[in-house]
**Student:** 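Take this structure, written in structure tokens, and hold onto it; I'll ask about it next.
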Amino acid sequence: GSLALQDLTLAGGHTGIQYVGGGAVLNNNVLTIEDSTLTDNTAYHGGAVYSSGGVTTITGSTVTGNSTSYLYGKGGGVCARGNLTISATTLTDNTAFSGGAVHISETATITGSTIADNVAWSHYYGGSGGGVYVGFQATAAIVDSTIAENINSGNEGGGTGGGVYVTGQATISGSTIRDNVVHAFYEGYSYDLHPAYGGGLHNDGTTLVVNSTISGNTAGYGGGVVNTHEGNLTIWHTTITDNHAIQEVADYDEAGGSGGGLFSGPHYQGENCSATTLRGVIISGNTSDISAKQALFVPPTPGYCSASI
């Protein structure tokens, strides 16, 4: 069956049941939400909306102030398996372990939307994507959208992706990724400062960025963009500017401060097999506390694979 919700406010929902998602709506089939507000809902996954494999369409709506109750909760606003379409929608002030606003597990298209002021909050390994998380087997398109002022609080594996984190496949076109932040995480008992990666975008999968602007973002490595592990990143006709690579210091350790605009290289305690292609890209006006204000490319790990730029 199908469900269409129009001109509604869904507020204060809470599943209260372990492993059950969707504080406002749980979708197993076909769901359409139009011109509605989903606010202050809480669930294990998908604070407002959880789709377990159906078709979900959200249009002209506001998804705000939702959160996950599980330590490893996915998608503070929306967590979707199956097919997800979001258009002309604002997602703000949502919180989760990964994907502060949206966690994508299969296929998604986000068009003409604003994803702002969301948080990926956990200090445990794997918390990624202050705004959007694109999972390992997922394919996502982000078109004519703004991803701004989202935060990744950092975690013991190294914080990844203040605005967007991709480990599957993504295309970002005609969009602005600005003023997002990833923080380092200090592990007090080991005196280890786990660095922050990719203030705007962190790619571990395959990502194409076209005709977009990445500006004003902050992280330890790659204030604007990071490409690590076996990531394949292609950027065309895009401006990367005014991003900052910050060096953070705590007790006996320090981390970050390199690759203000772009960093392509190893992730925290990992190998490097990243491939980065730039065509018609402007990288300017970026800053760093230590080195490589505009871009830093680290050679491949010897004997592991090859990398290119």
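What's counted below: heavy atoms across the whole structure, side chains too, no hydrogens, waters or symmetry copies.
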**Student:** Examine distances only and state if a side-chain atom of S175 and a backbone atom of T146 form a donor-acceptor pair shorter than 3.5 Å.
**Tutor:**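 Checked: no pair found.
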**Student:** With no hydrogens and no angle check, just 3.5 Å: does a side-chain donor-acceptor pair link T114 and T90?
**Tutor:**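 Note: T114 and T90 side chains miss the donor-acceptor criterion.
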**Student:** Has D40 got a side-chain atom pairing as donor or acceptor with N66's backbone, closer than 3.5 angstrom?
**Tutor:**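 Flag not set: sc D40 to bb N66 has no pair under 3.5 Å.
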**Student:** Would you check if the side chain of N272 reaches a backbone N or O of T228 as a donor-acceptor pair within less than 3.5 Å?
**Tutor:**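 Not at all, since once roles are kept as given, no pair shorter than 3.5 Å links the two residues.
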**Student:** Looking at T57 and T32, would you say the former's side chain and the latter's main chain have a donor-acceptor pair under 3.5 Å?
**Tutor:**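 No.
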**Student:** When you look at CD of E230, are more than 12 heavy atoms from neighbouring residues, nucleotides or ligands closer to it than 6.0 Å?
**Tutor:**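 No, the 6.0 Å shell around CD holds no more than 12 heavy atoms from other groups.
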**Student:** Taking atom OG1 of T239 and atom CD1 of I214, what is their separation to the nearest 0.5 Å?
**Tutor:**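 Here the interatomic distance stands at 9.5 Å.
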**Student:** Do V25 and L10 have side chains that approach each other closer than 4.5 Å (heavy atoms only, starting at C-beta)?
**Tutor:**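 In contact.
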**Student:** Determine whether the side chains of T95 and S67 contain a donor N or O and an acceptor N or O closer than 3.5 Å.
**Tutor:**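 Not at all, the side chains of T95 and S67 share no donor-acceptor pair under 3.5 Å.
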**Student:** Do H229 and S274 pair up side chain to side chain, a donor and an acceptor below 3.5 Å, judged on atom types alone?
**Tutor:**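 Result is no, nothing qualifies.
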**Student:** Hey, does the side chain of N217 reach the backbone of N243 with a donor-acceptor pair shorter than 3.5 angstrom?
**Tutor:**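 The answer is no, because no donor-acceptor pair under 3.5 Å joins these two groups.
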**Student:** With no hydrogens and no angle check, is any side-chain donor or acceptor of E106 less than 3.5 Å from a backbone partner on G82?
**Tutor:**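 Pair found, side chain donor or acceptor close to backbone of G82.
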**Student:** To which residues is V210 joined in a hydrophobic cluster, defined by side-chain heavy-atom contacts under 4.5 Å among Ile, Leu, Val, Met, Phe, Trp and Tyr, whether direct or through other members?
**Tutor:**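 L208, W236, listed by chain and number.
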**Student:** Determine, stepwise, if the pair N211 / S173 fulfils side-chain hydrogen bond (donor to acceptor under 3.5 Å, both in side chains).
**Tutor:** CA-CA 6 Å; N211 296 330; S173 61; over 6 Å; no
**Student:** Could you give the distance from CD1 (I240) to CD1 (I283), rounded to the nearest 0.5 Å?
**Tutor:**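 That separation rounds to 4.5 Å.
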**Student:** Carefully, step by step, assess N27 and T56 under the rule side-chain hydrogen bond (donor to acceptor under 3.5 Å, both in side chains).
**Tutor:** CA-CA 8 Å; N27 176 40; T56 301; 3.0 Å; yes
**Student:** Any side-chain to backbone donor/acceptor pair from T241 onto S284? Under 3.5 Å, distance only.
**Tutor:**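 A pair under 3.5 Å: yes.
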**Student:** Aromatic rings F263 and Y197: how do their planes relate, parallel, tilted or perpendicular, breaks at 30° and 60°?
**Tutor:**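 Ring orientation, 0 to 90° scale: tilted.
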**Student:** Would you give the length of the straight line joining atom CD of Q294 to atom OG of S288, rounded to the nearest 0.5 angstrom?
**Tutor:**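 So the CD of Q294 and the OG of S288 are separated by 8.0 Å.
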**Student:** Do we see a donor-acceptor contact under 3.5 Å between the side chains of S52 and N28?
**Tutor:**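 Yes.
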**Student:** What residues, two or more places apart in sequence or in another chain, satisfy side chain to side chain donor-acceptor pair (under 3.5 Å) together with S291?
**Tutor:**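 Per chain and number, S291 pairs via side chain to side chain donor-acceptor pair (under 3.5 Å) with S258.
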**Student:** When you compare the side chain of I147 with that of T176, does any pair of heavy atoms fall below 4.5 Å?
**Tutor:**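 Answer no - side chains too far apart.
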**Student:** Under a 3.5 Å cutoff, is there a donor and acceptor pairing between the side chains of Y165 and N152?
**Tutor:**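 Distance-only check fails for Y165 and N152.
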**Student:** With L262, which of N286, V226, L278 fulfils side chain to side chain contact (heavy atoms under 4.5 Å, CB included)?
**Tutor:**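 So, applying the side chain to side chain contact (heavy atoms under 4.5 Å, CB included) to L262 and each of N286, V226, L278, only L278 qualifies.
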**Student:** Would a distance-only check, ignoring hydrogens and angles, find a side-chain to backbone donor-acceptor pair under 3.5 Å from N150 to D117?
**Tutor:**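 Flag set: sc N150 to bb D117 pair under 3.5 Å.
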**Student:** Does the side chain of S215 come under 3.5 Å of the side chain of D242 through a donor N or O and an acceptor N or O?
**Tutor:**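 The criterion, which ignores hydrogens and geometry beyond distance, is not satisfied for D242 and S215.
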**Student:** Of D204, N203, T207, which meets side chain to side chain donor-acceptor pair (under 3.5 Å) against N227?
**Tutor:**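 Option passing the side chain to side chain donor-acceptor pair (under 3.5 Å) with N227: N203.
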**Student:** What is the minimum heavy-atom distance between H45 and T68, and which atoms define it?
**Tutor:**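 For H45 and T68, the tightest heavy-atom pair comes out as CA-CG2, 4.1 Å.
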**Student:** Is there a continuous path of hydrophobic side-chain contacts, each under 4.5 Å between heavy atoms, that joins V182 to V164?
**Tutor:**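 V182 and V164: separate clusters.
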**Student:** To the closest 0.5 Å, what do you measure between CG (N180) and CD1 (I151)?
**Tutor:**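 Interatomic distance, N180 CG to I151 CD1, rounded to 0.5 Å: 9.0 Å.
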**Student:** Using a 4.5 Å cut-off on heavy atoms from C-beta on, say whether the side chain of L3 contacts that of V30.
**Tutor:**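 Counting from C-beta outward, V30 and L3 never come under 4.5 Å.
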**Student:** Side chains of V166 and L201: does their closest heavy-atom pair fall under 4.5 Å?
**Tutor:**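 A side-chain contact exists here, since the closest heavy-atom pair is under 4.5 Å.
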**Student:** For the residue pair D289 / H244, report whether a side-chain donor-acceptor contact shorter than 3.5 Å exists.
**Tutor:**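 Side chains of H244 and D289: pair found under 3.5 Å.
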**Student:** Here's a test for you: under side chain to side chain contact (heavy atoms under 4.5 Å, CB included), which of T62, I110, V78 qualifies with L91?
**Tutor:**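 Single pass found, and it is V78.
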**Student:** Is it true that a side-chain atom of S61 and a backbone atom of S36 form a donor plus acceptor pair closer than 3.5 Å?
**Tutor:**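 Pair found, side chain donor or acceptor close to backbone of S36.
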**Student:** Roughly how far, to the nearest 0.5 Å, is CG of L84 from OG of S51?
**Tutor:**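 Result: 7.5 Å between the selected atoms.
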